[in-house]
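Heads up, the thing below is written out as structure tokens.
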Amino acid sequence: MIYKTSLFSIAAVLSTAAMLSFQSCSSDDDSHRPDIGVRDSLPTLKSIGVSTLISDSGIIRYKMIAEEWFIYDKKDPQYWSFEKGLFIERFNESYKVDAFISCDTAYFYNQRSLWELRGRVLVKNLKGETFKTSLLFWDQAAHRIYSERYMEIDGDTRKLAGYNFSSNEEMTDYIIHASKGQFPVKDDSPTPEPDPELITPTDSMKQE
């Protein structure tokens with residue numbers, strides 16, 4: 001069963017998408033390849049132009065888009081690579097988008113169960129709040145999402161900005177330090193400054 005209440009059900013989504021996309025991936029006959037002698041530097045599996053719908057109990061729940069998806073299981077540490085971006089939408093029972101994740105680059109370190117999202121990271125949780133930052137980690141083993149980078153949080157009733165973000169996996173119960181907004185800022189706390197890597201998402205990335 002793929003469907004979970006957690007917004008960051010990415011591992012289950014991608015594991016299913018991997019089976020679907022890599023089945024249609026083209027692969028060359030190893031007997032016709034030259035021996036380059038650097039096997040561990042090459043991806044074990046790769047897929048280009050991935051666009052996948054994933055269902056749960058016959059109902060479409062997720063859409064995943066990635067221009068490139070490489071799996072390196074001979075490197076130390078092993079990891080999955082999405083160098084040209086990753087976009088995942090989650091649909092509710094009415095097939096409307098109720099949560100999404102978008103980033104310029106993503107890595108998944110499978111042995112550590114750790115996700116690393118980089119670049120223009122934009123997340124919408126199930127409460128309708130949006131989170132913008134340039135670096136975000138999800139530790140599946142610890143059930144924790146965190147970032148030391150500058151982050152902006154935009155909700156229906158409040159807007160916050162700050163550093164040292166820490167949250168549950170649903171991104172509904174979180175703490176942000178050195179913040180401005182409805183949370184008080186101590187006199188000795190640094191004033192948050194926008195990260196130069198953080199830009200306003202394009203209209204195509206915004207969701208109703």
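Position 1 is the first residue of the sequence; numbering continues from there.
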Under the salt bridge (Lys or Arg N to Asp or Glu O under 4.0 Å) rule, collect the residues that match up with E67, sequence neighbours excluded.
K84

Are the side chains of L86 and I101 in contact, using a 4.5 Å heavy-atom criterion?
no

Qualifying residue, where the test is ring pair (Phe, Tyr, Trp, His ring centres under 6.0 Å) with W80 and the options are Y72, F108, Y107:
F108

Starting at NZ of K132, measure out to CE of M151 and round the result to the nearest 0.5 Å.
11.5 Å

Just by distance, do the side chain of N125 and the backbone of M171 share a donor-acceptor pair under 3.5 Å?
yes

Chi angles and distances behind the side-chain contact (heavy atoms from CB on, under 4.5 Å) call for T130, I153
CA-CA 6 Å; T130 58; I153 305 172; over 6 Å; no

Distance only, no hydrogens: is a donor on one side chain within 3.5 Å (strictly under) of an acceptor on the other, for T44 and D73?
yes

Distance col, row F131:CZ vs I145:CD1, nearest 0.5 angstrom, shows 8.5 Å

With a 4.0 Å cut-off on N to O distance, would you call E93 and R61 a salt bridge?
yes

Among all residues two or more places apart in sequence or in another chain, which pass the side chain to side chain contact (heavy atoms under 4.5 Å, CB included) test with I60?
L53, S55, F91, Y95

Within-4.5 Å side-chain heavy-atom neighbours: L45 and F70
no

Ignoring hydrogens and angles, tell me if any N or O in the side chain of T105 forms a donor-acceptor pair with the backbone of E83 under 3.5 Å.
yes

Indicate the atoms forming the closest heavy-atom contact of C103 with L117, along with that distance.
SG-CD2, 3.9 Å

So, E89 and K63, do they make that salt bridge, N to O below 4.0 Å?
no

Scanning both residues in full, the closest heavy-atom pair of S81 with Y79 reads CB-CE1, 3.8 Å

May I have the step-by-step check of side chain to side chain donor-acceptor pair (under 3.5 Å) for Y150 and E152, ending in yes or no?
CA-CA 7 Å; Y150 174 82; E152 294 179 357; 3.1 Å; yes

Nearest 0.5 Å please: distance from the NZ atom of K124 over to the CZ atom of R90.
11.0 Å

D104 side chain to R120 main-chain N or O, any donor-acceptor pair under 3.5 Å?
yes

Nearest 0.5 Å, please: how far is CZ in R112 from CD in Q140?
12.0 Å

Check whether any side-chain heavy atom of Y109 sits under 4.5 Å from a side-chain heavy atom of E116, and report yes or no.
yes

Any side-chain heavy-atom pair of I176 and N164 under 4.5 Å:
no

Say whether, by atom type as modelled, one donor and one acceptor occur between the side chain of S147 and the main chain of L135 under 3.5 angstrom.
yes

Could you tell me whether the side chain of S102 and the main chain of L122 form a donor-acceptor pair under 3.5 Å?
no

State, yes or no, whether a side-chain contact exists between Y163 and H177 at a heavy-atom distance under 4.5 Å.
no

Say you draw a straight line from CG of N92 to CG of D98; how long is it, rounded to the nearest 0.5 Å?
5.0 Å

With the side chain counted from C-beta on, respond yes when N168 and H143 share a heavy-atom pair under 4.5 Å apart, and no when they do not.
no

Rounded to the nearest 0.5 Å, what's the gap from OG on S167 to CG on D173? Could you check?
7.0 Å

Start with the C-alpha distance between T133 and R149, add both sets of side-chain angles, then the distance that settles side chain to side chain donor-acceptor pair (under 3.5 Å), and finish with yes or no.
CA-CA 7 Å; T133 186; R149 296 281 182 89; over 6 Å; no

Over 60° means perpendicular and under 30° means parallel, so tell me whether Y174 and F165 are parallel, tilted or perpendicular.
tilted

Does D139 come within less than 4.0 Å of R144, counting only side-chain N to carboxylate O?
no

